[in-house]
There are 2 protein chains.
Amino acid sequence: MAGMSHPSDARSAGSESGWLRTVADEVRSFDRSSTAERVAELLRHRVIEGDLPPGTRLSEEQLVEVLHVSRNTLREAFRLLTHEGLLVHHLHRGVFVPELDEDDLVDLYRVRRTIECDVVRRLEGLDAARMRPLHDDVAAGEDAARRGDWVAVGTANMRFHQHLVALAGSRRLDETAARLLAELRLAFHTVATPQRLHEPYVSRNRGLLDLLAAGEWERAAKELEDYLHDSEAELLSAHRDRSRSTP
Amino acid sequence: MAGMSHPSDARSAGSESGWLRTVADEVRSFDRSSTAERVAELLRHRVIEGDLPPGTRLSEEQLVEVLHVSRNTLREAFRLLTHEGLLVHHLHRGVFVPELDEDDLVDLYRVRRTIECDVVRRLEGLDAARMRPLHDDVAAGEDAARRGDWVAVGTANMRFHQHLVALAGSRRLDETAARLLAELRLAFHTVATPQRLHEPYVSRNRGLLDLLAAGEWERAAKELEDYLHDSEAELLSAHRDRSRSTP
DNA sequence: CTTGAGGGATTGTTGAACAACTCTCTACGT
DNA sequence: ACGTAGAGAGTTGTTCAACAATCCCTCAAG
């Protein structure tokens with residue numbers, strides 16, 4: 001997300017070979033990050049990993065002290081994360097790790113169904129090489145499940161869906177999906193039953209992948225639709241359980 | 001876009017009547033805007049209206065002088081618009097009005113088809129009241145076409161599609177659609193044939209609306225798919241014409 | 001024609017200062 | 001007891017000025 005290339009960049013290198021293009025991108029992502037972006041990257045991980053529970057306020061004063069950056073730079077990092085949905089900003093009150101409510105969860109899954117199912121339904125002429133990341137993610141999920149590492153299962157699952165959307169080859173769909181999945185991760189951290197939430201989808205991911213490999217895109221889309229409905233129901237249920245215990 | 005409400009806001013006002021909720025939102029959007037947001041609003045209009053042609057660099061020095069705000073505040077406004085896709089930021093070079101290339105146009109329409117068609121396809125039990133904005137937009141478009149005001153036709157068309165997506169009742173789909181349409185507007189300004197670009201869709205919007213009113217959602221989705229394909233082809237063709245004249 | 005070294009202009013970042021606002025707690029009045 | 005009005009502390013919003021880092025252009029040397 002930080003190293004998004006730009007339209008005019010693409011054009012300016014358009015006449016050169018793909019070889020140079022790749023090098024250019026590497027150089028760009030190497031040193032081409034502002035202080036604010038590095039701070040954002042740091043906080044992004046903290047939030048996504050669940051170190052900062054939803055509802056937490058991020059104090060400018062404290063973070064300036066700890067990170068050794070100026071308030072202005074820190075605030076710029078806040079803005080970046082706010083627009084990714086990983087922080088929310090209340091005027092004159094500060095930035096907080098968002099607390100998603102049930103409406104948000106329903107909304108997130110609504111958009112996921114729209115995007116992911118459509119991507120699958122429109123697939124055509126997919127060669128095996130482009131499915132490689134999906135295979136790796138499914139394998140990683142199965143491996144983590146055997147170890148009982150449900151957090152890792154959740155991570156592999158997120159990556160699977162991100163790579164699924166990437167099959168469409170659309171920059172904007174990728175960005176949207178990244179944001180949705182990051183927000184969803186926030187919700188996963190608020191519930192205390194990672195196994196119940198992730199275990200069923202290890203095998204369903206495998207099933208989905210088989211359908212894709214077989215070129216059964218319409219059936220895959222239908223299965224994905226049900227899959228996401230089930231996942232939504234599970235998450236909502238878990239969320240309600242937690243809400244009842246902490247009113 | 002500026003007055004987006006927040007999850008926790010919604011929850012805290014959840015038990016009150018809709019009456020109070022509305023008033024609260026008005027108050028919030030009245031004075032609850034930072035200087036940066038007001039600056040962003042100003043620049044947003046300039047960009048959307050086409051006053052600043054794509055490729056233009058927005059100088060911090062000049063704008064600080066003209067707008068009477070500090071550089072920090074201006075930079076915050078830049079950040080806001082950057083994340084809406086209306087400006088792009090090149091490190092150590094400044095912010096620019098984006099120049100969309102053909103890949104961008106294809107990508108934009110790809111996402112539009114995904115979202116808009118899916119919204120239409122999933123509609124159900126739509127009462128007439130919620131279609132009111134669509135009626136108004138189509139009428140406004142027909143009116144502007146009679147006057148030969150093709151810019152206004154384009155505006156009405158954008159609003160029609162925004163309201164179409166709004167039927168889904170999803171905050172995140174609304175935001176995504178808003179960003180896509182804003183970017184698309186950028187592309188419209190680069191081509192010099194607004195009539196050819198917008199005229200055909202005045203009547204097609206009317207046709208689409210009729211299908212929706214009749215509850216023919218599947219047929220409407222199919223028509224919208226073709227509609228967007230045609231619009232994309234038209235825009236690409238116009239874009240190529242212009243590129244040939246200004247290499 | 002390519003390469004590399006100035007130099008001017010612009011952006012990136014910092015730190016401090018003050019204004020504006022929220023939150024909390026206390027005191028007052030009903 | 002209840003609600004409210006206000007003061008005070010603490011935090012964020014905004015501005016300003018300065019310096020560091022980087023880009024772009026020019027021009028000279030190979």
Side-chain angles (χ1 to χ4, degrees), chain A residues 2-3 5-6 8-9 12-13 15-16 20 24 27-43 52 55-83 87-98, chain B residues 2-3 5-6 8-9 12-13 24 27-43 52 55-83 87-99:
Chain A
S5 70
H6 185 262
S8 66
D9 292 344
S12 66
S15 58
E16 295 158 8
L20 283 175
V27 169
R28 194 166 298 127
S29 62
F30 183 69
D31 197 10
R32 275 320 163 105
S33 64
S34 66
T35 309
E37 277 168 349
R38 269 171 290 154
V39 170
E41 178 66 24
L42 204 156
L43 294 176
L52 303 167
T56 308
R57 186 172 73 88
L58 279 69
S59 159
E60 293 188 359
E61 200 176 27
Q62 285 180 22
L63 287 173
V64 162
E65 176 77 16
V66 173
L67 299 173
H68 299 286
V69 297
S70 77
R71 263 182 78 207
N72 285 319
T73 302
L74 178 63
R75 286 161 70 83
E76 204 145 309
F78 282 168
R79 275 252 152 43
L80 288 168
L81 295 174
T82 296
H83 283 277
L87 295 177
V88 292
H89 189 179
H90 289 200
L91 198 62
H92 290 128
R93 295 213 291 132
V95 300
F96 299 78
V97 181
Chain B
S5 68
H6 184 262
S8 64
D9 293 343
S12 66
V27 169
R28 193 165 298 127
S29 62
F30 183 69
D31 198 10
R32 277 315 167 108
S33 64
S34 66
T35 308
E37 278 168 349
R38 269 171 292 158
V39 171
E41 177 65 24
L42 204 156
L43 293 177
L52 303 167
T56 308
R57 186 173 73 89
L58 279 69
S59 159
E60 293 188 1
E61 200 177 26
Q62 285 179 21
L63 287 173
V64 161
E65 177 76 17
V66 173
L67 299 173
H68 299 287
V69 297
S70 78
R71 264 180 79 206
N72 285 319
T73 302
L74 178 63
R75 285 161 70 84
E76 261 180 39
F78 282 167
R79 233 9 133 175
L80 289 169
L81 295 174
T82 296
H83 283 277
L87 294 178
V88 292
H89 189 179
H90 288 200
L91 197 64
H92 291 128
R93 296 213 291 131
V95 300
F96 299 78
V97 181
E99 299 183 274

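Values reported hereafter were calculated over all heavy atoms of this structure, with side chains retained and with hydrogens, waters and symmetry mates removed. It should be emphasised that the depicted structure is a prediction, and the values quoted were computed from it without experimental measurement. Residue numbers begin at 1 in each chain, while the letters A, B, ... track the order of the sequences.
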Rounded to the nearest Å, what distance is computed from the [atom1] atom of residue [X] to the [atom2] atom of nucleotide [N]?
X	N	atom1	atom2	value
Leu58(B)	dA9(C)	CG	P	21 Å
Phe96(A)	dT22(C)	CZ	P	12 Å
Glu65(A)	dT14(C)	CD	P	14 Å
Glu76(B)	dG12(C)	CD	P	14 Å
Arg79(A)	dT13(C)	CZ	P	16 Å
Arg75(B)	dT14(D)	CZ	C1'	15 Å
Leu80(B)	dT14(D)	CG	P	11 Å
Arg57(A)	dG10(D)	CZ	P	13 Å

To the side chain of [X], which of [options] is closest?
X	options	result
Arg71(B)	dT11(D), dT12(D), dT13(C)	dT13(C)
Glu60(B)	dT22(C), dG12(C), dT14(D)	dG12(C)
Leu91(A)	dT14(C), dG12(C), dG13(D)	dG13(D)

If you compare every side-chain N and O of [X] against the phosphate oxygens of [N] (OP1, OP2), does one of them come in below 4.0 Å?
X	N	answer
Thr35(A)	dT13(C)	yes
Thr73(B)	dT15(D)	yes
His92(A)	dT14(D)	no
His90(A)	dG13(D)	no

- prompt: According to the interplanar angle, ranging from 0 to 90°, do the rings of Phe96(B) and His90(B) count as parallel (below 30°), tilted (30 to 60°) or perpendicular (above 60°)?
  reply: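 Answer is tilted, since the angle falls between 30° and 60°.
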query: Closest nucleotide of DNA chain D for Glu61(A) versus for His68(B): which of these residues is on the 5' side?
result: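 Taking each residue's closest nucleotide, the earlier one in sequence belongs to Glu61(A).
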[X] and [Y]: which non-hydrogen atoms are nearest, and at how many Å?
X	Y	value
Glu76(B)	Ala36(B)	CB-CB, 3.8 Å
Arg57(B)	Arg93(B)	CD-O, 3.5 Å
Val64(A)	Arg71(A)	CG2-CG, 3.6 Å
Ala40(A)	Ala77(A)	N-CB, 3.8 Å

task: Kindly indicate whether the side chain of Asn72(B) and the base of dG13(D) share any N or O donor-acceptor pair separated by less than 3.5 Å?
output: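 Under the 3.5 Å cut-off, the side chain and the base do not form any donor-acceptor pair.
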message: Is it the case that the base of dG12(C) and the side chain of Arg93(B) share a donor-acceptor contact (distance under 3.5 Å, atom types as modelled)?
response: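 In this structure, the two groups form no donor-acceptor pair.
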